[in-house]
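See below for the structure under consideration.
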Amino acid sequence: MTTTPMTLTCGRHRLDLSYPRVMGILNVTPDSFSDGGHHLVPDDALRHAERMLAEGAAIIDVGGESTRPGADPVSPQEELDRVAPVVEALVRELDALVSVDTSCPEVMREAASLGAGMLNDVRALEREGALSAAIGSGLPVCLMHRQGEPHDMQQAPRYDGPIEEAVADYLAGRVATCEAAGLRRERLLVDPGFGFGKTVEHNLRLLHRMERLAELELPLLVGMSRKSMIGKVLARPVEERLPGGLALTALAVERGARILRVHDVGPNVDAVNMTWAVLKEGC
């Protein structure tokens, strides 16, 4: 029987997952849904990452391709031009544990060479060459569930069975494929992919029944920060979704999440720590 690994080796960093950790989002894109264009200049990105680390982020997740609903793909060179200077600066100047949010093999290889400690792929290493690049990087990889591609994934998504079963089956299949190719299980994490080819009802049910994914016995990364599921339930614009997001963070921790991917690090660190104190009946 396998057990969920409690420590990840992330390059020269070791990430303790015996308790939940917060991952700060750093999008270096012009068109991400809530912070596009805010951190395009490397120095601005560096300062924002510094703030997130000071607020308690254990990981900084750098993304150079917007995967919001309706987004168009970018070329590997454009993504590299956005991501590489930021990764290099975060590693050199802040000694940060950097995750790179990419599906592109070229970006994976360059990020690893620059000192990134983790890869985070919304396409679960399905893109040609990505699995080989991930194996060669030596880094942990998060595999995410999605249905469709960003440009069409929210056009009437549907599933033949319960959403939690579809997500668990897909991720189990991707894990098996990765293991068969030589990517060791202890280097894998999984993400249910909230908002990626799912209706609001799918998202709510998936969170409610997220314990189903614990059967995969891999660290669970969850990203719901500022997403439209909050806006649709609470009728809030993106800049007013933090309270709803904190509720989702607490529920995700209670249901087994080990990494919470968020925009607003400080409040989410508090939500994680408070929820964990209750679950463990002590601080």
Side-chain angles (χ1 to χ4, degrees), residues 8 10 13 15 17 19-29 32-36 38-39 45 48-49 51-53 55-69 83 86-87 90 96-103 111 116-124 139-146 150 167 171 188-196 198 203 206-207 210 213 218-230 238 241-242 244-273 275-276:
L8 279 180
C10 304
H13 294 270
L15 182 65
L17 293 179
Y19 61 97
R21 310 301 294 268
V22 168
M23 168 186 275
I25 298 169
L26 183 58
N27 287 319
V28 287
T29 58
S32 292
F33 79 95
S34 78
D35 58 355
H38 291 186
H39 311 301
H48 184 57
R51 288 190 294 272
M52 291 194 289
L53 292 169
E55 291 176 0
I59 314 157
I60 303 297
D61 192 46
V62 178
E65 177 195 12
S66 174
T67 52
R68 61 175 174 77
V83 167
V86 175
V87 172
L90 292 177
L97 169 47
V98 178
S99 165
V100 177
D101 184 357
T102 186
S103 302
M118 185 184 299
L119 302 174
N120 182 15
D121 185 5
V122 301
R123 296 176 180 87
L139 301 178
V141 185
C142 184
L143 308 172
M144 196 193 79
H145 174 275
R146 81 197 189 290
V167 170
L171 290 172
L188 294 174
L189 308 89
V190 291
D191 179 346
F194 289 98
F196 282 78
K198 300 171 183 72
N203 288 321
L206 183 57
L207 178 57
M210 203 171 69
L213 301 185
L218 288 169
L220 182 59
L221 186 155
V222 170
M224 296 179 283
S225 177
R226 301 182 185 174
K227 287 192 173 178
S228 62
M229 62 186 288
I230 305 169
V238 67
R241 294 177 186 172
L242 177 58
L246 295 177
L248 297 180
T249 287
L251 289 166
V253 170
E254 192 271 336
R255 285 159 172 75
R258 276 298 188 267
I259 299 177
L260 290 302
R261 184 179 181 273
V262 304
H263 297 86
D264 305 284
V265 168
N268 276 280
V269 167
D270 283 351
V272 166
N273 290 343
T275 306
W276 194 245

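Hydrogens, waters and symmetry mates play no part in the numbers below; they use all other heavy atoms, side chains included. This one's a predicted model, so the numbers in the text were calculated from it and none came from an experiment.
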Can you tell me how far the CD atom of Glu254 sits from the CH2 atom of Trp276, to the nearest 0.5 Å? 11.0 Å
Indicate yes or no for a side-chain donor-acceptor contact from Arg255 to the backbone of Leu207 under 3.5 Å, with no hydrogens or angles considered. yes
Show the nearest heavy-atom pair for residues Val122 and Arg146, with the distance to one decimal. O-CD, 3.3 Å
Ignoring hydrogens, what is the shortest heavy-atom contact between Ala96 and Leu53? Give both atom names and the distance. CB-CD1, 4.0 Å
Does Asp101 come within less than 4.0 Å of Arg261, counting only side-chain N to carboxylate O? yes
Step by step, work out the side-chain contact (heavy atoms from CB on, under 4.5 Å) result for Lys198 and Met229. CA-CA 10 Å; Lys198 300 171 183 72; Met229 62 186 288; over 6 Å; no
Asp191 side chain to Gly193 main-chain N or O, any donor-acceptor pair under 3.5 Å? yes
First locate atom CZ of Arg226, then atom CG of Leu248, and finally report the distance between them rounded to the nearest 0.5 Å. 14.0 Å
Interatomic distance, OG@Ser228 vs CZ@Arg241, rounded to 0.5 Å, equals 6.5 Å
If only atom types and distance count, is the side chain of Ser99 paired as donor or acceptor with the main-chain N or O of Ile60 below 3.5 Å? no
Identify the heavy atoms of Ala252 and Met224 that sit nearest to each other, and give their distance. CB-CE, 4.0 Å
Step by step, would you call Phe194 with His145 a side-chain contact (heavy atoms from CB on, under 4.5 Å)? CA-CA 8 Å; Phe194 289 98; His145 174 275; over 6 Å; no
Look up atom CG in Leu97 and atom CZ in Arg21, then write down how far apart they are to the nearest 0.5 Å. 9.0 Å
Do Met118 and Cys10 make a side-chain contact, defined as non-hydrogen atoms from C-beta onward lying under 4.5 Å apart? yes
How close do Glu55 and Gly266 get, heavy atom to heavy atom, and via which atoms? OE1-N, 3.0 Å
Could you give me the CA-CA distance, side-chain angles and deciding distance for Asn273 and Thr275, then say whether side-chain contact (heavy atoms from CB on, under 4.5 Å) is met? CA-CA 5 Å; Asn273 290 343; Thr275 306; over 6 Å; no
What's the shortest heavy-atom distance between Ala45 and Val28, and which atoms? CB-CG1, 4.2 Å
Quick one: pull up OG in Ser103 and CE in Met144 and give me the separation to the nearest 0.5 Å. 8.5 Å
Are Ile230 and Leu242 close enough that some pair of their side-chain heavy atoms sits under 4.5 Å apart? no
If we check side chain to side chain contact (heavy atoms under 4.5 Å, CB included) with Pro140, which of these qualifies: Leu189, Asn120, Leu15? Leu189
Quick one, Val100 and Val98 - any side-chain contact, counting heavy atoms below 4.5 Å? yes
Could you tell me if the side chain of Met23 sits less than 4.5 Å from the side chain of Leu221, heavy atoms only? yes
Side chains of Thr249 and Asn268: donor-acceptor distance under 3.5 Å anywhere? yes
Quick one: does Leu260's side chain get under 4.5 Å of Val272's, heavy atoms only? yes
Counterpart residues, salt bridge (Lys or Arg N to Asp or Glu O under 4.0 Å), relative to Asp121 (two or more places apart): none
Which heavy atom of Val83 sits nearest a heavy atom of Gly63, and at what distance? CG2-C, 4.2 Å
Is there a side-chain contact (heavy atoms from CB on, under 4.5 Å) between Val190 and Leu213 once you walk through the steps? CA-CA 9 Å; Val190 291; Leu213 301 185; 5.6 Å; no
Any side-chain heavy atom of Val141 within less than 4.5 Å of one from Leu143? yes
Answer yes or no: is there a donor N or O on one side and an acceptor on the other, between the side chain of Arg258 and the main chain of Leu17, under 3.5 Å? yes
Is there a side-chain contact between Val262 and Val265, using heavy atoms and a 4.5 Å cut-off? yes
What's the spacing between Met52 CE and His48 NE2 if we round to 0.5 Å? 4.0 Å
So do Phe196 and Lys227 actually touch side chain to side chain, heavy atoms under 4.5 Å? yes
